[in-house]
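For reference, the structure discussed in these notes is given below.
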Amino acid sequence: MRTVVRPDVARMLRAGATNREIAAVCHTARRKVAAARAALGIGPVQPSRGAGSLEAAFQARVRALFCGHAVWDGPRNENGVPMVSWRFERVSAYRVAFRAHYGREPQGVVLAVCEVPGCIAGRCLDDKQARDRTRGQLAAVLGCRQGHAYAQHAAYKPDGARYCGQCDSDSNKERKQGIAA
């Protein structure tokens, strides 16, 4: 009986991918990839010495797109987050890209903020610190949720948290009127 080999599996086999990588990308069983490898007469992949650093392992899986964007061609975890494997360590590719671009460790979760689906370019990633800064800038320009300008109505709690003094005053008046009624 002749084994039928899927074109995408054959292409990856000829490119030198491992059975595990092909099974993950093509959503098939490793035993079927092994059977396709045997049918095409392609021997097992020779182990390489691996990448010299985490950043090199990351760069080996990044594909550059237009205008400075990039996408991940490597493995992902069960939640779809791109993962870099290096020396028995698995790290989010978002964190590696962020660290390479900004030169510091990200705080909290790293998220892509551009409109390109799956973009992993460092300039398109934000951590908690950057998102908080952006929210603060937007609040300074747009004001509170009721539209009061923070330039006129900003007030600060003892811990430094900012709130809208006008909204606070309005809610106190409503509360006092409710008690008097």
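Residue numbers run from 1 in the order of the sequence given. Keep in mind that this is a model prediction, so the values were computed, not measured.
Here F98 pairs with Y102 under the ring pair (Phe, Tyr, Trp, His ring centres under 6.0 Å) rule; sequence neighbours left out. Residues meeting the salt bridge (Lys or Arg N to Asp or Glu O under 4.0 Å) test with D8, sequence neighbours left out: R6. Scored by the side-chain contact (heavy atoms from CB on, under 4.5 Å) test, A100 finds no partners at all (sequence neighbours excluded). Applying the side-chain contact (heavy atoms from CB on, under 4.5 Å) rule to A35 yields no partners; only residues at least two apart in sequence or on another chain are considered. Qualifying side-chain hydrogen bond (donor to acceptor under 3.5 Å, both in side chains) partners for N172, counting only residues two or more places apart in sequence or in other chains: R175. For E89, the side-chain contact (heavy atoms from CB on, under 4.5 Å) partners are W86, V91, not counting sequence neighbours. The side-chain contact (heavy atoms from CB on, under 4.5 Å) search around L111 returns V109, R131, not counting sequence neighbours. Take R30 and apply the side-chain hydrogen bond (donor to acceptor under 3.5 Å, both in side chains) test, not counting sequence neighbours, and it matches no residue.
Rounding to the nearest 0.5 Å places CG of D170 at 8.0 Å from SG of C164. Rounded to the nearest 0.5 angstrom, K128 NZ and Q107 CD are separated by 8.0 Å.
Closest approach of C119 to A112, counting heavy atoms only: O-CB, 3.7 Å. The two residues G108 and R95 have their closest heavy-atom pair at O-NH1, 2.9 Å. Taking all atoms of both residues into account, the shortest heavy-atom contact from P117 to V71 is O-CG1, 4.1 Å. Annotation for R90 and S85: closest pair CG-OG, 3.6 Å, computed over non-hydrogen atoms.
The backbone N or O of A130 sits less than 3.5 Å from a side-chain atom of T134, completing a donor-acceptor pair.
Screening residues 104-116 for salt bridge (Lys or Arg N to Asp or Glu O under 4.0 Å), with sequence neighbours left out, gives R99-E105, R104-D127.
H101 has its side chain within reach of R123: a pair of non-hydrogen atoms, C-beta onward, lies under 4.5 Å apart. Under the 4.5 Å side-chain criterion, counting only non-hydrogen atoms from C-beta, S92 is not in contact with V110.
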Donor-acceptor pairs are to be reported for all side-chain atoms of residues 58-67 against protein atoms at under 3.5 Å, with residues two or more places apart or in another chain.
from, atom 1, to, atom 2, distance (Å)
R61, NH2, E21, OE2, 2.6
R63, NE, D73, OD2, 3.2

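Under the 4.5 Å side-chain heavy-atom criterion for ILVMFWY residues, a single connected hydrophobic cluster contains both V81 and V96.
Side-chain heavy-atom separations under 4.5 angstrom define the hydrophobic clusters, and the remaining members of the one that includes V9 are V5, M12, L13, I22, V25, V33, L40, I42.
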